[in-house]
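See below for the structure under consideration.
Order of the sequence lines fixes the chain letters, A, B, ..., with proteins taken first and strands second; residue numbering starts at 1 for each chain.
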There are 2 protein chains.
Amino acid sequence: MPPGRPPRLSLDAIITAADRILEAEGPDKLSMRRLAGELNSAPMALYHHVRDKDQLLLLILEKHAEQIPHPDLPEDPQERLTAVALLLYELLAERAWIVEVLAAGDLFAPSALWFVESMIGAAVDHGCTTEQAVEVYRAIWHYILGNLIIRVISARRRSRTDTPVYGNEAIAQMSIGTYPHIASIADRWDELSDRDSHRHALTAIVNGLLDSYGPNTQPRRHRVGRR
Amino acid sequence: MPPGRPPRLSLDAIITAADRILEAEGPDKLSMRRLAGELNSAPMALYHHVRDKDQLLLLILEKHAEQIPHPDLPEDPQERLTAVALLLYELLAERAWIVEVLAAGDLFAPSALWFVESMIGAAVDHGCTTEQAVEVYRAIWHYILGNLIIRVISARRRSRTDTPVYGNEAIAQMSIGTYPHIASIADRWDELSDRDSHRHALTAIVNGLLDSYGPNTQPRRHRVGRR
DNA sequence: TACAGTTACCGTACGCGTACGAAAATGTCG
DNA sequence: CGACATTTTCGTACGCGTACGGTAACTGTA
């Protein structure tokens, strides 16, 4: 029996309670004070088990990641990389709350390392050096993160207030004459933005990255001609 | 002379003061209370001129954007798109504080619309339809944003505490055996992450996107084979 | 029993963004 | 001179994350 005051809280209980609030009432309702209340404890007591709120969210993500089965993947490296990236995207998109933490680092919960490994592995199988594969992985990750952040944040803003996003009027006004392309689609901007084109874009990005580091290919700083 | 209490504050003065704090002491020091103090005013007085802090930051960005000259660009659409994207990236990377607002929407200050227009225009010149060009632009923007966010946030974390990022120990432990590729570069992870490979990645992404929507090309949902 | 060591908890306090409504300072009108 | 409408400023208050230092509850040892 270890010495010291016996714990009343436990990391597991904290994570479970936090996850429950998250699922039931959304990320806005999850605060350290609220969580402590739920656990009949003081807010600062949580900080003995958790460094900060970000780490708590990360731990919740880890818990989720553990339960995600690893699917069978295509043989072809290029297809495989695309498939994993898409899978990762969709899993994260279902959990809007993580976006706030994801930015903190480029790797996530330990259990989610599988995704990193798969993506780097696919790039290596395709012919990349390990260093190149890491760069490919990071580029894809940056794209996914940027996409998620914009999607989540603007969705959240829409749900809070009914005023449209910041500068839509700016588009309409500024662009006439000066910015012909923008003007020509200004009225359909939101529609075009909402369309989930991420499948196509992700595929194209993967192709572009792998092509640039392809087998029998020296890294090219700029590829000017087409094909 | 309009009726009503004469203003003591002005939007311009607010923006200027905020920008000064930002340049001089960094984003951490810019708070609404501090800013109000600087202007010999009460915090809530600012909110008559500005919707919220995010909008204030956006206005500062707008002020910066006005002063950025529009450079000459390459003729070739593909090169041009890459050049604009790189330029945009570098301009934003110099202003780490904006990252926090950028997420709020996919377009930024009105003056920055020039970038959007240039990128969409280049894609159109390359042979994209307008709709496709918007998708290309957004994909590139997502990548840039994701890259910036990770770069800025992790840099900020490093500067605050000297403890390394979250799960580096997790990499080292978890990955041995299970995740061979990660294990093989675990010790060099930070080094590889820091390397600014964004030029190459951005070029490759642009190429991939334009190829996928290229001239004489039907939009392909998945391109499986190579070349 | 007394005391030290160790672990877990918590009370207080700070600065943050900002919602809300009252108050101040001007114009105009009767 | 009021009375009023209009515009701007501001005092108060809420909930947030969390730094800091104290206290409580247990173990072992003297």
### Message
How bent is the helix from C:dT1-D:dA30 to C:dG30-D:dC1, measuring the angle between the end axes built from five pairs each, rounded to 10°?
### Response
50°
### Minimum-distance nucleotide (side-chain atoms of A:H48 versus C:dA25, C:dA8, C:dC9)
C:dA8
### Message
So A:R34, base contact, sugar-phosphate only, or nothing? Heavy-atom distance under 4.0 Å.
### Response
nothing
### Summary
When rounded to whole Å, the CD1 to P distance for the pair A:I14 and C:dC9 reads 8 Å
## Note on the structure
Taking for B:A42 and for A:R33 the nucleotide of DNA chain D with the nearest heavy atom, the one nearer the 5' end belongs to B:A42
### Query
Looking at B:W97 versus B:H64, is the centre-to-centre ring distance below 6.0 Å?
yes
### Message
Less than 3.5 Å apart, any donor N or O on the side chain of A:H49 or A:S10 sitting next to an acceptor on the other?
### Response
no
### Query
What is the distance from CZ of B:R5 to C1' of C:dA23, rounded to the nearest Å?
8 Å
### Query
Where do A:S212 and B:H200 come nearest, in terms of heavy atoms and distance?
OG-NE2, 2.9 Å
### Positional range of nucleotides in DNA chain D within the contact set of chain B, heavy-atom, under 4.0 Å
D:dT6 to D:dA13
### Query
Are OP1 or OP2 of C:dC10 and a side-chain N or O of A:S41 less than 4.0 angstrom apart?
yes
#### Entry: Smallest separation among heavy atoms of B:A85 and B:I144, with atom names
O-CD1, 3.6 Å
### Query
Would A:R95 and A:E90 pass as an ion pair if we require N to O under 4.0 Å?
no
### Task
Take the angle between the ring planes of A:W114 and A:H70 and call it parallel below 30°, perpendicular above 60°, tilted in between.
parallel
### Query
Quick one: do A:E25 and A:R20 make a salt bridge, cutoff under 4.0 Å?
no
#### Entry: Atom of B:L22, atom of B:P27 and distance for their closest heavy-atom approach
CD1-CA, 3.6 Å
### Query
Hey, which of these two, A:P2 or B:G4, hits DNA chain C nearer its 5' end, going by closest nucleotide?
A:P2
### Message
Expressed as a whole number of angstroms, how long is the span from A:N40:CG to C:dC9:C1'?
### Response
14 Å
### Query
Looking just at side-chain N and O atoms, do B:H181 and A:T130 make a donor-acceptor pair shorter than 3.5 Å?
no
### DNA chain D: 5'-proximal contact among A:Y47 and B:P6 (nearest heavy atom)
B:P6
